[in-house]
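Inspection log for the structure reproduced underneath, given as structure tokens.
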Amino acid sequence: MDAKHILLVITGGIAAVKAPELIRSLSQHGFKITPVLTKAAEKFVTPLSIAALARSRVYADLFDLKDESEMGHIELSRLADLILVAPATANVMAKMAHGISDDLASTILLATDTSVMIAPSMNVRMWDHPSTQRNLNLLADDGVKLVGPNVGEMACGEYGLGRMAEVTDIVSAVEQFFQSGPLLGKHLLVTSGPTHEPIDPIRYISNRSSGTQGRAIAAALRDLGAQVSFVTGPTNLATPFGVKTYQVETAKEMHDVVQKLLPVDGAVFAAAVADWRVDGVRDQKIKKQTSGALPQLKFLENPDILATVSKHAQRPKLVVGFAAETNDVIENASRKLSSKGCDWIVANDVSRSSGIIGGQNNTVTVLDRGGAEAWEEMSKTEVAFRLAERIAGALA
Ligand code: CTP
């Protein structure tokens, strides 16, 4: 098979320093690369090093007559199987969303009829800014694919969402793109995040789930071509691109939304649902008593969404549960596999010492009726890709 051709647009963010590593990795995976550098990107990486690594000339100037006589910007925009913008700054995203073409990179992006994938990289406040989020939605509507960004330490010293996806994750996303979408035509449901169970108008009971794993699963299923309905409890994460998101707060709300979404072809229950809710939620703030008497909370058990769907008349063909355990992980998970009636359980150790809750990596064991499959430690994005592939296999 001919090598797939990627037009790599490198824009001027600090993450441009990762471009050489990205080029090396894409080349090792058999991709042919033609690089395009913006003026700002040249402040971070040199055209010479990029050309040497990509084994291709670097295109940079819209008005370079030599470029236009050898290969015009229209031709450049058509030669690739995928245009990858990495890093994609807030600026290039804004230009793409609004059709601005004032340099070679943005002109190619406007002239192309090839699929485009972006790997955003910017400060967390720029990412969170309503205009960037608005642009992101416009780009989603235009069919632009997204990889990342991740949560992490930024070059500017701040912490949050906006770090460019890891090179391995970008390469995985590119590889996924070239697979022919085995989940095309399938509707998948994913629950994610914690739930908040109110005590009074300002207090609630919850857990430490960040929602990172569930969000990555929704994105990976989407990348394999699925129509995804994503039901999430409160998190700090941006809603995943190109999937229908339902934001809920309590277990009961999650339960009700999930029921309404049935029938679906497959469902993944990655949410860390609170097992109990408070009986008789106060409609006013509970005050401290001068007598020192402590409030007495009574609990009710929440509906078990996974168990309900597993036994539902409209049960999806494949039901995948998670097991969050702090001890005897495999024993507890295999007990859950039979008690809940699901097809697979993805078991993980959520004890604080494992670093999984709130972290970027995960170590899981996938249990089904046939046995247990232990996966090595990998990023939550990679767990999601592998799980999505396994799901595609089961729904084929
Ligand atoms: N789950 C659910 N609804 C609930 C509780 C759990 O859908 N009310 C789902 C979770 O999304 C997960 C699986 O059930 O897929 C197991 O969740 P977990 O918290 O590990 O276990 P629990 O069933 O809550 O049991 P325990 O707290 O005793 O470990």
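For ligands, and for the atoms within them, numbers begin at 1 and follow the listed sequence.
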Item to complete: Would you mind checking if D304 and K340 are paired as a salt bridge, meaning a charged N to carboxylate O distance below 4.0 Å?
Response: yes
Worksheet entry | Residues in side-chain contact (heavy atoms from CB on, under 4.5 Å) contact with K260, at least two apart in sequence or another chain | none
Worksheet item: Within the distance-only criterion (no hydrogens, no angle test), does the side chain of R24 pair as donor or acceptor with the backbone N or O of L53 below 3.5 angstrom?
Response: no
Discussion item. As a test of reading the model: which residues have a non-hydrogen atom less than 4.0 Å away from ligand 1?
Written reply: F269, A271, V273, D275, P303, D304, I305, L306, G321, F322, A323, A324, K336, K340
Item to complete: Check whether any side-chain heavy atom of V144 sits under 4.5 Å from a side-chain heavy atom of L138, and report yes or no.
Response: no
Worksheet entry | Results of side-chain contact (heavy atoms from CB on, under 4.5 Å) for T195 - residues two or more places apart only | E197, A251, M254, V273, A274
Worksheet item: Excluding sequence neighbours, so at least two apart, what forms ring-ring contact (aromatic ring centres under 6.0 Å, His included) with Y246?
Response: none
